[in-house]
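Shown next, in structure tokens, is the structure this report addresses.
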Amino acid sequence: MASLAELQSTATQVRRDILRQVHYATCGHPGASLGCADLLTALYFEIMSYTRTFHMDGANEDVFFLSNGHISPLWYSILARAGFFDIRELSTFRQMNSRLQGHPATHEGLPGVRVASGSLGQGLSVAIGMALAKRLNGDNKTVYVLTGDGELQEGQIWEAAMSAPHHKVDNLIAIVDWNGQQIDGPNEKVMSLGDLPAKWESFGWIVLQMDGNDMTSVLNTLKQAKDMLGKERPVVILMKTEMGAGVDFMMGTHKWHGVAPNAEQLEQALAQLEETLGDYPYDPEYNQV
Amino acid sequence: MIDGFPVTGKKATRNGFGDGLFEVGQQNDRVVALCADLVGSLKIQSFIDAYPERFFQIGVAEANMMGIAAGLATAGKIPFTGTFANFSTGRVYDQIRQSIAYSHKNVKICASHAGLTLGEDGATHQILEDIGLMKMLPGMTVINPCDYNQTKAATIAIADHYGPVYLRFGRPGWPIFMPEDQPFEIGKGILMKPGSDVTILATGHLVYKAMEAVEILESEGISCELINIHTIKPLDEELILESVSKTGCCVTAEEHQRLGGLGGSVATLLGMKKPAPMEVVAVNDTFGESGPPVDLMDKYGIGTEDVAKAARAAVNRK
């Protein structure tokens, strides 16, 4: 079991990894990656049970799907720090011949990734399929999936939201990154999401809410969600986060959704985040083979 | 009609799918089925009765069905999705592209009511672009069987093939002429009749139309080599090149748009490896309409006489 301080320190390092990957690539999506850093740290370093040797079928282990694939630099940092591959490989993010594609993919065989994502709205369906397979196999482990909030504007999300309670999928925890922002601006301006808790409840989900940038809230709510599994209903956690969390000038705006910090901005951002576990050595020539 | 391929009855190709699915369900407990509110049309009730826990009704939500299938496949299941061809492809193209094809998922996309022969429901449902859409996806296998027996055999065969497959079949009752015990080998065309003047490459319902055309052509003294191309991708290049090298010209015949179908694949092959006069029997850049299946085929240029006419034209161009 990791302590709260250890998890917070991991999340801080992960935030540094995100910023450095996006900076060196000169592109990518730092905003929501920073916002969801606490959640993924909690999942991979405390909540989920899984083997470091990657098995595509995820049999008898907890499985995570990232539906909002644009926050790949976060997931790559987490997977590397969790031991799925060498942290030096983070240097190859978005480069030619890399396994770390702009959006996550299975095509290059990156351990930890089970389905490509990036075209939004698809991950919840995939997670439901995995959850149904686990039930068929008598596998009592849990499926987790993260979606964005702008992503909820995709119709497929609501097809999936309708189907999970119908099929009594109760080994699934969906998490919505409810940061209120998307590329073109605030959700409310782009396309209002309405009363999200009421929407999910009316579809038949158990709805929880948490502060996604407070590690204590994240841990407690995830544990609470796990306790609510097995009741013939899926669980969704509406997770309030701040896009850009951890870097003052990236917070409170959608402007850092998909923009890389330049050298000066990187320095300014890293100054706010302690190097807790050691930065990955940047090596643009790194080859994983 | 064609030696070795006597017509033994009449049944829809979709019945072959339903019966094949039931059989493959018996053979392999990793096989699961999903349907988007078209159980009766896809003829899968026998699978559902036998294996209720392995069937997932998804409702009228095809995008979700494709995603759930991808998730089931990730866990090692072999999902067969069932809906009309229109809703199996165009409606869910991005879901198939990202969650299935790009992600290398072992999903079998099984599509009924393809093409004009869906009939009276009209052009909203008569997809004639699906082969093109699916064959463009890297790694996707595309199969278009010709009768009940071949559809059943194909359904069973694709369960043993790892990788995404698009299996396309149809609605109307159709003559059965392929042997019941035929081996089905993905990517291997079947030489149904040797001949020396023209190669006729037909797929799906057009195989029967080509058989009828061969009868007419032979009576006119044109010796036809008839090949059943059940797999459009991967294409049996060796068999086609060998045949066209012998006959010197060819005709393709399909229930699909000219642009993007079997004809396009064969034209690319011949253009690169063995240029030869070629005629394409297909729907030419138009939507269909309501009507009886065979009448629609005649009206839209994919009837028996269209195949015969194309063969004469190809021979004349040599």
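No hydrogens, no waters, no symmetry mates; every other heavy atom, side chains included, goes into these values. Chain identifiers are assigned alphabetically (A, B, ...) following the order of the sequence lines, protein sequences preceding nucleic acid strands; residue numbering begins at 1 within each chain.
Interface residue E108(A): only side-chain heavy atoms are found under 4.5 Å from chain B. When heavy atoms are compared at a cutoff of 4.5 Å, A127(A) does not approach chain B at all. Using a 4.5 Å cut-off between heavy atoms, A116(A) contacts chain B through both its backbone and its side chain. Only the side chain of V32(B) comes within less than 4.5 Å of a heavy atom in chain A; its backbone stays farther off.
Taking every heavy atom of both residues into account, V126(A) and S99(B) meet most closely at CG2-OG, 3.9 Å. Listed here is the closest heavy atom pair of A75(B) and M130(A): CB-SD, 3.7 Å.
Between I58(B) and H167(A) there is a side-chain heavy-atom pair separated by less than 4.5 Å. Counting only heavy atoms from C-beta outward, the side chains of F56(B) and L136(A) approach each other to under 4.5 Å. Residues K77(B) and N137(A) have side chains in contact (heavy-atom distance under 4.5 Å, counting atoms from C-beta outward).
Sparse packing is recorded around CZ of R91(B), with 12 or fewer heavy atoms of other residues, nucleotides or ligands lying under 6.0 Å away. Other residues, nucleotides and ligands contribute over 12 non-hydrogen atoms within 6.0 Å of the CZ atom of F203(A). Remark: D195(A) CG is packed, more than 12 non-hydrogen atoms of other residues, nucleotides or ligands lying under 6.0 Å away. No more than 12 heavy-atom neighbours from other residues, nucleotides or ligands sit within 6.0 angstrom of CG on L259(B). At most 12 heavy atoms of other shown residues, nucleotides or ligands fall within 6.0 angstrom of atom CD in E238(B).
Separation of atoms NE2 (H103(A)) and OH (Y102(B)) is listed at 10.5 Å; rounding is to 0.5 Å. Of the inter-residue distances, the one linking N64(B) atom CG with Q122(A) atom CD reads 11.0 Å to the nearest 0.5 angstrom. Taking CE of M56(A) as the reference point, atom NZ of K105(B) lies at 4.0 Å (rounded to 0.5 Å).
For the set M65(B), Q57(B), R97(B), the entry with the most heavy-atom pairs within less than 4.5 Å of chain A is Q57(B). Among G118(A), S119(A), A105(A), the residue with the largest count of heavy-atom pairs under 4.5 Å with chain B is S119(A). Ranked by heavy-atom pairs under 4.5 Å with chain B, the first of S117(A), A59(A), G58(A), G121(A) is S117(A).
In this structure a side-chain-to-backbone donor-acceptor pair under 3.5 Å is missing from S103(B) to T106(A).
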